[in-house]
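Read through the structure below, which is laid out as structure tokens, and then see the notes.
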Amino acid sequence: MKEVKILDKTFRLYKNEEEIATSISTIANSINSDYEGKSPLFLGVLNGCFLFAADLMKKVNLSCEISFVKVASYKGMKSTGEVNQLIGLDRSLEGRDVIIVEDIVDTGNTIETIVDLLKKAGCNSIKIATFLLKPEAYNKDIPVDYVAMEIPNAFVVGYGLDYDGFGRNLNELFVLKD
Ligand code: IMP
């Protein structure tokens, strides 16, 4: 079985290129039929989404746009609570059908934050497309509309996902060896 060493950890091959491509084609087909006649705006969440977003977009045959954001968290000046902000948003989302493009939805904290921030932007609709979902860890009520692959609650790297910054460039998905 193919293995990779990243920093201090060893990972074994979990999903190969063909399995990844097939799973992405399936959700691209769903998006193509659900958004027929519409002009959605895909909103990729960096850094992890970059490979998934590229491969997904190549299979989307709609008239559409793509833009990328990052989620920044900082301590408020007056309060001690965390304030979240989307950075890099370069166009109005007013009236748009937005599809958030994520690498992975784990507990759902990140996606919940993003959806809350987008709700203030006057979108016509907001849906979520994710490469991976960990159903056992997900604890939010927001529906995750397009899921390429559901995976168990294990740590994975590759295809955009990192371990401490490394491994994003692997074109297959690897899981932590126990
Ligand atoms: P959530 O907010 O708990 O849903 O976590 C989302 C973020 O956690 C992702 O965008 C990733 O950055 C990170 N993450 C969660 N699980 C994994 C994993 O298995 N591998 C790499 N990053 C992960």
Side-chain angles (χ1 to χ4, degrees), residues 1-17 19-24 27 31 41-57 66-76 81-89 98-121 123 126-178:
M1 180 56 87
K2 189 169 169 182
E3 292 184 351
V4 287
K5 184 129 200 288
I6 302 175
L7 302 174
D8 59 333
K9 304 243 182 295
T10 305
F11 296 81
R12 66 174 169 78
L13 182 63
Y14 184 50
K15 301 285 178 188
N16 64 29
E17 279 184 86
E19 291 169 292
I20 292 171
T22 305
S23 71
I24 295 173
I27 60 166
I31 291 172
L41 171 64
F42 289 84
L43 204 58
V45 183
L46 293 171
N47 293 326
C49 81
F50 74 110
L51 290 182
F52 171 53
D55 286 342
L56 177 68
M57 296 309 289
I66 182 155
S67 193
F68 293 92
V69 290
K70 277 194 175 194
V71 184
S73 302
Y74 60 94
K75 293 264 183 238
E82 282 231 318
V83 181
N84 294 297
Q85 195 189 2
L86 285 182
I87 54 172
L89 203 54
V98 173
I99 302 173
I100 302 164
V101 182
E102 265 282 19
D103 56 349
I104 185 164
V105 176
D106 184 6
T107 62
N109 288 339
T110 309
I111 202 70
E112 185 180 61
T113 300
I114 295 168
V115 169
D116 282 348
L117 292 167
L118 289 181
K119 278 185 179 160
K120 297 172 193 146
C123 311
I126 302 170
K127 288 204 176 185
I128 300 163
T130 185
F131 172 49
L132 300 173
L133 171 71
K134 293 181 183 172
E136 293 157 28
Y138 188 61
N139 60 27
K140 307 292 174 199
D141 295 325
I142 310 166
V144 185
D145 307 279
Y146 304 103
V147 179
M149 286 185 189
E150 291 193 349
I151 61 165
N153 210 354
F155 191 80
V156 289
V157 289
Y159 198 71
L161 290 111
D162 72 306
Y163 166 50
D164 217 1
F166 288 83
R168 292 193 197 275
N169 55 316
L170 297 166
N171 55 5
E172 298 164 303
L173 192 66
F174 292 81
V175 64
L176 183 62
K177 240 183 118 181
D178 35 42

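Atoms within each ligand, like the ligands themselves, are counted from 1 in listed order.
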Enclosure of Lys140 NZ (heavy-atom neighbours >12, cutoff 6.0 Å): yes
Distance from atom 20 (N) of ligand 1 to nearest protein heavy atom, with residue and atom: Val156 O, 2.7 Å
Asp103 vs Tyr159, side-chain hydrogen bond (donor to acceptor under 3.5 Å, both in side chains): CA-CA, chis, key distance, verdict: CA-CA 9 Å; Asp103 56 349; Tyr159 198 71; over 6 Å; no
Polar proximity ligand 1 side, Val105 side, N/O cut 3.5 Å exclusive: no
Single hit among Thr130, Ile31, Ile100 for side chain to side chain contact (heavy atoms under 4.5 Å, CB included) with Tyr146: Ile31
Working for side-chain hydrogen bond (donor to acceptor under 3.5 Å, both in side chains), residues Asn16 and Lys2: CA-CA 10 Å; Asn16 64 29; Lys2 189 169 169 182; over 6 Å; no
Atom 14 (N) of ligand 1 [closest protein heavy-atom partner, distance rounded to 0.1 Å]: Ile104 CG2, 3.9 Å
Minimum non-hydrogen distance to atom 10 (O) of ligand 1, winning option of Val71, Asp103, Thr110: Asp103
Sub-3.5 Å N/O-N/O distance, Ile111 and ligand 1: no
Numbered atoms of ligand 1 (with element) below 4.0 Å of Ala154, judged on heavy atoms: 19 (O)
Gly48 to ligand 1, any heavy atom closer than 4.0 Å: no
For atom 1 (P) of ligand 1, closest protein heavy-atom neighbour: Thr107 OG1, 3.4 Å
Leu161 contact mode with ligand 1 (heavy-atom cut-off under 4.0 Å): side chain
Intermediate values then yes/no, side-chain hydrogen bond (donor to acceptor under 3.5 Å, both in side chains), Asp8 and Tyr163: CA-CA 10 Å; Asp8 59 333; Tyr163 166 50; 2.6 Å; yes
Pair Phe131 + Phe52: ring centers closer than 6.0 Å: yes
Heavy atom of Lys134, distance to ligand 1 below 4.0 Å: yes
Per-residue contact class, Ala137 against ligand 1 - non-hydrogen pairs under 4.0 Å: neither
Heavy-atom check, side chain of Ile111 versus side chain of Val144, under 4.5 Å: no
Exceeds 12 heavy-atom contacts within 6.0 angstrom, atom CZ of Phe166: no
Shortest non-hydrogen separation from Asn171 to Glu17 and the atoms involved: O-CG, 3.3 Å
Distance flag for atom 4 (O) of ligand 1, protein heavy atom under 4.0 Å: yes
Ligand 1 atoms in contact with Asp162 (distance to a heavy atom under 4.0 Å): 21 (C)
